[in-house]
Amino acid sequence: MKNIVILFAGNTKNYAVSPLFNGQSACEAVLKWACTVPNTDSIVLLTSDSTPEQISKYILPVEKLSFKHINKQIWTTSILLQTLAEVSKGYDAVVYAFADAPFYDSDITEKLLNNHVEYHAEYSFADGYPEGMVPEVIYPGTLKMMCELAKDNEETVQRDTLFSVLKTDINAYEIETLISPVDLRYLRLALYCDTKRNTLQCERISKFMTATKTKDICSFVAKQSDILRTFPAYYSIQVVSSCAGCCSYCPYPQEYKKKTGKCVYESREYMDTGKFKQLVKKISDFSEDAVICLSLWGEAENHPDFADLVKTVLDYEGLSVLIETTGQNLSQPLVNRIAELAASCKKRTNGQKPVNWIVSLDAVDEAMYGKLHSGKLSVAVSALETLVPLFPGAVYPQFVRLQDNEVQLESFYRFWKEKTGSVIIQKYDDFCGKLPQRKVADLTPVCRNPCWHLRRDLSVLIDGSVPFCREAVLDGIIGNAFDDPLESIWEKNEALFAEHVNNVYRGICENCDEYYTFNF
């Protein structure tokens, strides 16, 4: 048997060549692993014009191994498959991996290869391990078939490109899966040095390594809070105080009146545009990439400089915008302006669309809509239909499941799924008892996982105040994002998250069932 290892470095970032692992970079670690793959006599490195130059310097002569360097300006799916098919001629198996993943495991790789041969597989992969621990193995003849499937596929190469192509005709292939003894999929770990967030995670993992075998990661990573929690990936910001105040499943109106004595529909507070710009810069500097939701509380489009707020976020390539709305106050000029901003900005490096919209509908007729919201369903639908052609693939009609509207769920889903292709069905949240219990079903997992929101989210109120969690609404303030470094605010919740990792839940966390919901 003769194997070839192909390392994709077409979208590798500078993080991958930083000496973070005892003086060794991720790329160096990958090349050392590649040299250990059984029955391999050739390693191919696929690069692009944006690949850091240092990578080529790591390629050192190794006995019985030859290296080949292939450079393409842009790697699309079709180009990748054509290249893989060409360079793998004469080999029995292709071991495909990424040049920025420092924790590929030699023992697991050998086991995957053995299974691939024993079961005469055409494609083999591992499941249950963190991403970046186990490569993919594919038969060269299968690549020829895949080339035909993807001959017109101009999508840029992603981590799951090979499997995505296979899925288009999955029954045509013999696929073998190596199952991890510990299922860690629920942690959503990506062990790549491709972003600031993932690189820090890899760096922290390396400090816990007690042996040379990277498979040890599976034994400790789920219990290390500082590995799981790196930087916020989702910032929810309140930019206005006003709204109609009548969404029956929102705690904000009653909490606002309790705190200020005023009704939200009478309020006219706005986040200062200058302070917002400073905040977005701090977010970019701290997290580097993130989704910025402008709709924590209130109807965000009521802000007089709303389009300018959107532009501020889009000026940073690593950031994208999420807008949640009832659609009652959306004007055509505002929508057109935001569409122009989204169309003219650079491609987002966080993998998201520049601007995503969620439109709260929650009903299929005016009578039911009137029980849940003020305004008219027809206005909300009209707003959604205006957004869809201007923001393709980025507009989501939303239905919050309540005892009141559950009877309309199926018809809502079928109608909007066919019409827009994407629908959000949201569970009801009673905000830890602040609202009456109206949920239809208990969706909580059998085993509780550490809170995703403490792990990835940060909320900012209109005056810069940061509650420890969105569930606290206007209380539980741990800092001010205008005045304090985001690093110090983020650190305030580290001990709380560590408690969750150790199955300790105090205060409102004890009876919260939002911990398993996930934002981007």
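- A donor-acceptor pair shorter than 3.5 Å can be found between the side chains of S267 and Y256.
- Counting heavy atoms from C-beta outward, E203 and Y15 have side chains that stay 4.5 Å or more apart.
- N502 contributes a side-chain N or O that, together with a main-chain N or O of A498, makes up a donor-acceptor pair within less than 3.5 Å.
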Give the intermediate values and the outcome of salt bridge (Lys or Arg N to Asp or Glu O under 4.0 Å) for residues K72 and D49. CA-CA 7 Å; K72 301 283 185 182; D49 293 345; over 6 Å; no
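- Geometric assessment of R159 against the ring of F98 yields a positive cation-pi assignment under the 6.0 Å and 45° thresholds.
- Put simply, the side chain of I338 does not reach to within 4.5 Å of the side chain of V335, judged on heavy atoms.
- Classification of D429 and K439 as a salt-bridged pair fails, no side-chain N sitting under 4.0 Å from a carboxylate O.
- Inter-residue side-chain proximity for P130 and C218 is flagged as met; some heavy-atom pair is nearer than 4.5 Å.
- Side-chain contact of E301 with T325: a donor-acceptor pair under 3.5 Å is present, judged by distance alone.
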Please step through salt bridge (Lys or Arg N to Asp or Glu O under 4.0 Å) for the pair E499 and R506, ending with a clear verdict. CA-CA 9 Å; E499 289 182 352; R506 296 182 294 110; 3.0 Å; yes
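- Geometric assessment of K196 against the ring of F231 yields a positive cation-pi assignment under the 6.0 Å and 45° thresholds.
- For the pair S287 (side chain) and D289 (backbone), a donor-acceptor distance under 3.5 Å is absent.
- For the ring pair (Phe, Tyr, Trp, His ring centres under 6.0 Å) with F518, the lone residue among Y234, Y186, W452 that qualifies is W452.
- Between N405 and Y369, the side chains place no donor N or O within less than 3.5 Å of an acceptor N or O (distance only, hydrogens not considered).
- Formation of a donor-acceptor pair under 3.5 Å by the T199 side chain with backbone atoms of T195 is found in this model.
- For the pair Q254 and L435, the minimum side-chain heavy-atom distance is below 4.5 Å.
- Side-chain N/O atoms of S422 and T420 include no donor and acceptor closer than 3.5 Å.
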Report the C-alpha distance between K427 and D513 in whole Å, list the side-chain angles of each, state the deciding distance to 0.1 Å, and finish with yes or no for salt bridge (Lys or Arg N to Asp or Glu O under 4.0 Å). CA-CA 10 Å; K427 64 175 281 297; D513 74 341; 3.2 Å; yes
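- For the residue pair T326 and E299, a side-chain donor N or O sits within less than 3.5 Å of a side-chain acceptor on the partner.
- T156 and Q158 share a side-chain donor-acceptor pair at under 3.5 Å.
- Panel note: side chain S344, backbone E340; a donor-acceptor pair is recorded below 3.5 Å.
- With 3.5 Å as the limit, one finds a donor-acceptor pair spanning the side chains of T517 and E514.
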Go through the steps for R229 and N493 under the test side-chain contact (heavy atoms from CB on, under 4.5 Å), then give the verdict. CA-CA 10 Å; R229 189 174 189 266; N493 271 347; 3.3 Å; yes
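- Using modelled atom types, one side-chain atom of R204 and one backbone atom of D226 make a donor-acceptor pair closer than 3.5 Å.
- The closest side-chain heavy-atom distance from V359 to Y396 is not below 4.5 Å.
- Under 3.5 Å, the side chains of T273 and D305 contain a donor-acceptor pair of N or O atoms.
- Applying the ring pair (Phe, Tyr, Trp, His ring centres under 6.0 Å) test to every pair with at least one member in residues 312-345, sequence neighbours left out, gives no pairs at all.
- With hydrogens and angles disregarded, no donor-acceptor distance shorter than 3.5 Å links the side chain of K13 to the backbone of P52.
- Under the 30°/60° scheme for interplanar angles, the aromatic rings of Y252 and W297 are found to lie parallel.
- Here OG of S241 is found 11.5 Å from CG of L461. Values are rounded to the nearest 0.5 Å.
- Q332 is linked by a side-chain hydrogen bond (donor to acceptor under 3.5 Å, both in side chains) to N336, counting only residues two or more places apart in sequence or in another chain.
- A 6.0 Å sphere centred on NZ of K492 holds more than 12 heavy atoms belonging to other residues, nucleotides or ligands.
- A distance-only check finds no donor-acceptor pair linking the side chain of S320 to the backbone of P354 [under 3.5 Å].
- Checking side-chain atoms of R470 against main-chain N and O of L296 turns up no donor-acceptor pair under 3.5 Å.
- In terms of modelled atom types and a separation under 3.5 Å, the side chain of E324 and the main chain of S360 share no donor-acceptor contact.
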Working note: R438 + D404, criterion salt bridge (Lys or Arg N to Asp or Glu O under 4.0 Å); need CA distance, chi angles, decisive distance, verdict. CA-CA 8 Å; R438 299 160 70 189; D404 312 60; 3.0 Å; yes
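- Of the possible donor and acceptor atoms, one in the side chain of S78 sits under 3.5 Å from a partner among the backbone N and O of N153.
- Summarising the local packing, CZ of F286 is surrounded by more than 12 heavy atoms from other residues, nucleotides or ligands at distances under 6.0 Å.
- The neighbour count for K257 NZ, taken as heavy atoms of other residues, nucleotides or ligands under 6.0 Å away, does not exceed 12.
- Remark: R448 qualifies as a cation-pi partner of Y515 under the 6.0 Å distance and 45° angle criteria applied to the six-membered ring.
- Around atom CD of Q437, more than 12 heavy atoms belonging to other residues, nucleotides or ligands sit under 6.0 Å away.
- The shortest distance between side-chain heavy atoms of V165 and F163 does not fall below 4.5 Å.
- A side-chain donor-acceptor contact under 3.5 Å links N519 and D457.
- The shortest distance between side-chain heavy atoms of F306 and I323 falls below 4.5 Å.
- Between H453 and E471 the shortest side-chain heavy-atom distance does not fall below 4.5 Å.
- We find that R188 and E131 are not joined by a salt bridge, their nearest charged nitrogen and carboxylate oxygen being 4.0 Å or further apart.
- More than 12 heavy atoms of other residues, nucleotides or ligands lie within 6.0 Å of CD in E266, so this atom counts as buried by the packing criterion.
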Listing, residues 472-483 side-chain donor-acceptor contacts under 3.5 Å, not counting sequence neighbours, or none:
{"from": "N480", "atom 1": "OD1", "to": "F482", "atom 2": "N", "distance (Å)": "2.9"}
{"from": "N480", "atom 1": "OD1", "to": "D483", "atom 2": "N", "distance (Å)": "3.3"}
{"from": "N480", "atom 1": "ND2", "to": "D463", "atom 2": "O", "distance (Å)": "3.0"}

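- Between D285 and K281 a salt bridge is recorded (basic side-chain N to carboxylate O distance below 4.0 Å).
- Put simply, the residue from R401, H373, Q398 that forms a side chain to side chain donor-acceptor pair (under 3.5 Å) with D362 is H373.
- Judged by distance alone, the side chains of N71 and T47 do bring a donor and an acceptor atom under 3.5 Å apart.
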